[in-house]
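Quick notes on the structure that follows.
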Amino acid sequence: MSRADTAEFLIEPRWLLPVAPGNTVLERQAVAVSGGRIAAIGPAAELRERNPTRTRIVRERHALLPGLVNAHTCACHTLLRGLPVRAPRLRWLTETLAPLERRVLSADLVRDGTRLGVAEMLRAGITCYADQSPVPEEAARAAAAAQVRALIGLPISDAATVWAEDATAHLARAEALWDEYRSDARIGLYFAPQPARGASDATLARLRRVADELDARIVMHLGELPDTGTLEPQRPGVADGVAPRHAWGVRPLARLQALGLLRPGFSAVGALSCDEEDAQLLARHGAALIACPQAELRLHRGMPLLPGSRPGALATDTPAAAGALDMLAEVRSAALLYGMTAQEALQLATLGGAAALGLATEIGSIEPGKSADLTCLELDVPGCRPLTDVPAAIVFGATRAQVTDVWSAGRAALSAGRLLAFDEAELAALAAQWTQRLALEAAA
């Protein structure tokens with residue numbers, strides 16, 4: 001661990017929210033950064049005295065907190081925003097999003113859409129995200145080029161996708177990509193079965209064995225699983241690319257439990273699709289539950305507000321459903337939906353997200369030894385005053401427009417409101433080009 005007196009630079013905010021240990025608010029504290037990691041936390045005057053020649057980044061009107069973690073999204077779908085959204089999710093996915101994606105999908109769309117998504121997330125204070133991309137190679141390359149921390153999903157399906165023709169081919173391509181990024185410090189991989197396209201018991205059991213060998217995480221979206229029901233069991237299969245509803249005659253999570261998938265390292269996305277019994281089942285097996293409040297509310301058939309299904313992490317889901325890649329908006333929605341305090345909601349978007357992605361020892365809180373993934377927000381603005389409760393001001397008053405600085409592993413990605421990792425004029429031109437291109441495709 002780096003020593004406080006060898007720091008490369010100091011960050012001196014007005015307020016510091018370390019999240020752990022102790023979900024509290026500190027004043028007039030500084031963070032010393034060295035080698036991309038947090039070297040020390042302590043009184044600003046003391047750290048300045050020990051590092052008199054080091055660069056000081058002083059933010060007198062700001063709060064510093066861990067970088068926000070978007071635990072589930074599809075960054076390339078920034079180019080597919082504006083689709084009509086209707087409930088339920090499975091029908092919207094198979095009848096609206098998937099057909100359009102098949103028509104327009106290309107390596108260019110994934111690469112450019114991911115670049116736009118990453119830039120948007122950095123501007124919103126998001127320093128880590130889990131991405132479920134249809135072409136994971138392109139998503140991984142775009143994230144690596146932006147020097148951002150990302151976990152890229154490896155799609156697994158019985159049916160043909162743009163990535164591979166069957167389950168065997170999906171697994172073969174997944175293992176090859178796994179080898180490519182095995183030692184990458186910022187880009188990780190996980191398995192993302194595609195239940196809407198069909199995922200038989202045999203395929204899921206095979207996937208579990210591969211995940212065991214690689215010590216890999218598995219993520220599934222509950223809103224894409226067949227509905228619960230009591231119909232007679234049918235033979236699992238795929239019709240028109242959609243898994244038959246009630247195909248197994250059991251609760252979806254009970255089926256995954258029987259296959260040995262519910263365990264630490266498994267994440268279920270979609271807290272509003274999860275009742276109290278399912279939530280307890282996940283908790284009992286050490287699996288994570290990820291909520292995407294805004295997308296779920298748009299795509300769900302009701303307002304369940306289930307107290308037993310309180311999530312452990314937050315995400316935006318696809319921007320085709322959620323709109324903006326805005327974790328502060330998700331935090332606010334979660335706090336209202338689940339009756340959380342502001343500090344509890346912020347923890348879900350930081351350390352909770354890190355834990356769901358298996359990164360809690362690396363990111364999610366401001367502690368010595370952890371990576372310097374940090375976000376700074378200006379709070380002395382209308383809507384946040386008077387600042388008597390800093391967490392509440394962030395959760396219920398602040399917007400992503402107040403994010404001024406972002407560091408990823410100690411490297412500045414946003415400085416004083418200026419995006420450093422991208423050329424913003426180029427991004428604007430890229431978005432305009434794709435708007436025109438997709439409009440022509442939709443009209444064809």
- Verdict with supporting geometry, Glu12 and Arg59, side-chain contact (heavy atoms from CB on, under 4.5 Å): CA-CA 6 Å; Glu12 302 178 23; Arg59 296 291 183 261; over 6 Å; no
- Task: Dump the intermediate steps for side-chain contact (heavy atoms from CB on, under 4.5 Å) on Met340 and Gln347, then the final yes or no.
- Result: CA-CA 10 Å; Met340 297 177 178; Gln347 186 163 12; over 6 Å; no
- Given the rule in the side-chain contact (heavy atoms from CB on, under 4.5 Å) test, do Cys384 and Gln402 qualify, once you have shown the distances and angles that lead to the verdict? CA-CA 11 Å; Cys384 292; Gln402 290 164 235; 3.5 Å; yes
- Quick one: do Leu97 and Trp92 satisfy side-chain contact (heavy atoms from CB on, under 4.5 Å)? Show the steps, please. CA-CA 6 Å; Leu97 181 59; Trp92 174 79; 3.7 Å; yes
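A salt bridge is absent between Asp212 and Arg209: the closest approach of a Lys/Arg side-chain nitrogen to an acidic carboxylate oxygen does not fall below 4.0 angstrom.
Legend: residues meeting salt bridge (charged side-chain N to carboxylate O under 4.0 Å, His left out) with Arg182, ordered by chain and number and at least two apart, are Asp179. Applying the side-chain hydrogen bond (donor to acceptor under 3.5 Å, both in side chains) rule to Ser365 yields the partners Glu367, Lys370; only residues at least two apart in sequence or on another chain are considered. Residues passing the salt bridge (charged side-chain N to carboxylate O under 4.0 Å, His left out) test with Arg141 are Glu138, sequence neighbours excluded. In this structure, His77 has no ring-ring contact (aromatic ring centres under 6.0 Å, His included) partners at least two apart in sequence or on a different chain. Residues passing the side chain to side chain contact (heavy atoms under 4.5 Å, CB included) test with Glu60, sequence neighbours excluded: Arg28, Val58. For Arg217, there are no salt bridge (charged side-chain N to carboxylate O under 4.0 Å, His left out) partners, not counting sequence neighbours. Listed by chain and residue number, nothing satisfies the salt bridge (charged side-chain N to carboxylate O under 4.0 Å, His left out) test with Glu213 (two or more places apart in sequence, or in another chain). Remark: Asp389 pairs with no residue by the side-chain hydrogen bond (donor to acceptor under 3.5 Å, both in side chains) rule, at least two apart or across chains. Checked against side-chain hydrogen bond (donor to acceptor under 3.5 Å, both in side chains), Arg400 has the following partners two or more places apart in sequence or in another chain: Glu120. The side-chain hydrogen bond (donor to acceptor under 3.5 Å, both in side chains) search around Asp373 returns Arg149, Ser371, not counting sequence neighbours.
Between Trp407 and Phe9, the ring planes lie parallel to each other; the angle is under 30°, not in the 30° to 60° tilted range.
Summarising the geometry of Asp131 relative to Tyr190, their closest heavy-atom pair is O-OH, 3.1 Å, with the distance given to 0.1 Å. Taking all atoms of both residues into account, the shortest heavy-atom contact from Ala356 to Ser267 is O-OG, 3.3 Å. Between Gly153 and Pro136, the closest heavy-atom pair is O-CB, 3.5 Å. Leu26 and Pro18 make their closest contact through CD1-CG, 4.3 Å (heavy atoms, listed as atom of the first residue, atom of the second, distance). Closest heavy-atom contact between Tyr129 and Thr73: CD1-CG2, 3.9 Å. Pairing each heavy atom of Gly260 with each of Arg208, the nearest pair is O-CD, 3.6 Å.
To the nearest 0.5 Å, atom CG of residue Asp278 and atom CG of residue Leu222 are 7.0 Å apart. Between the CG atom of Leu325 and the OG1 atom of Thr316 there is a distance of 4.5 Å, given to the nearest 0.5 Å. In this structure, CZ on Arg263 lies 6.5 Å from CG on Leu261, to the nearest 0.5 angstrom. Distance check: Ile57 CD1 to Leu10 CG gives 8.5 Å after rounding to the nearest 0.5 Å. Rounded to the nearest 0.5 Å, atoms CG (Leu256) and CD1 (Ile218) are 9.5 Å apart. Between atom CG of residue Leu377 and atom CG of residue Leu328 there is a gap of 6.0 Å, rounded to the nearest 0.5 Å.
Although no hydrogens or angles enter the test, the distance criterion places a donor-acceptor pair under 3.5 Å between the side chain of Thr350 and the main chain of Leu346. Although no hydrogens or angles enter the test, the distance criterion places a donor-acceptor pair under 3.5 Å between the side chain of Gln194 and the main chain of Ala192. At distances below 3.5 Å, at least one donor-acceptor pair connects side-chain atoms of Asp326 with backbone N or O atoms of Ala329. Not one N or O on the side chain of Asp380 forms a donor-acceptor pair closer than 3.5 Å with the backbone of Arg61. Under a 3.5 Å cut-off, the side chain of Arg89 and the backbone N or O of Leu299 do not form any donor-acceptor pair. Of the possible donor and acceptor atoms, none in the side chain of Ser34 sits under 3.5 Å from a partner among the backbone N and O of Ala7. Side chain of Arg81 to main chain of Gly323: a donor-acceptor pair is present (N/O by atom type, distance under 3.5 Å, no hydrogens or angles).
Side chains of Leu122 and Phe422 form a contact here, defined as non-hydrogen atoms less than 4.5 Å apart. Within the 4.5 Å cutoff, the side chain of Leu297 has heavy atoms near those of the Leu272 side chain. Using a 4.5 Å heavy-atom cutoff, the side chains of Val269 and Cys292 are in contact. By the 4.5 Å heavy-atom criterion applied to side chains, Leu359 and Cys128 are counted as neighbours. Counting heavy atoms from C-beta on, the side chains of Leu374 and Pro66 never come closer than 4.5 Å. Using a 4.5 Å heavy-atom threshold, the side chains of Tyr181 and Ile152 count as separate. In this structure the side chain of Leu289 reaches within 4.5 angstrom of the side chain of Cys274, judged on heavy atoms. You'll find the side chain of Pro134 reaches within 4.5 Å of the side chain of Cys76, heavy atoms only.
Evaluation of the side chain to side chain donor-acceptor pair (under 3.5 Å) test over residues 351-362, restricted to residues two or more places apart or in two chains, returns Arg37-Glu362. Identified under the side chain to side chain donor-acceptor pair (under 3.5 Å) test for residues 409-427, with sequence neighbours left out: Arg115-Glu426, Arg123-Glu424, Gln147-Arg411.
Leu430 pairs in a side chain to side chain contact (heavy atoms under 4.5 Å, CB included) with only one of the listed residues (Asp112, Thr435, Leu79), which is Asp112.
In this model, a donor atom of one side chain and an acceptor atom of the other lie less than 3.5 Å apart for His221 and Asp317. Side-chain contact, Trp163 with Glu137: a donor N or O sits under 3.5 Å from an acceptor N or O.
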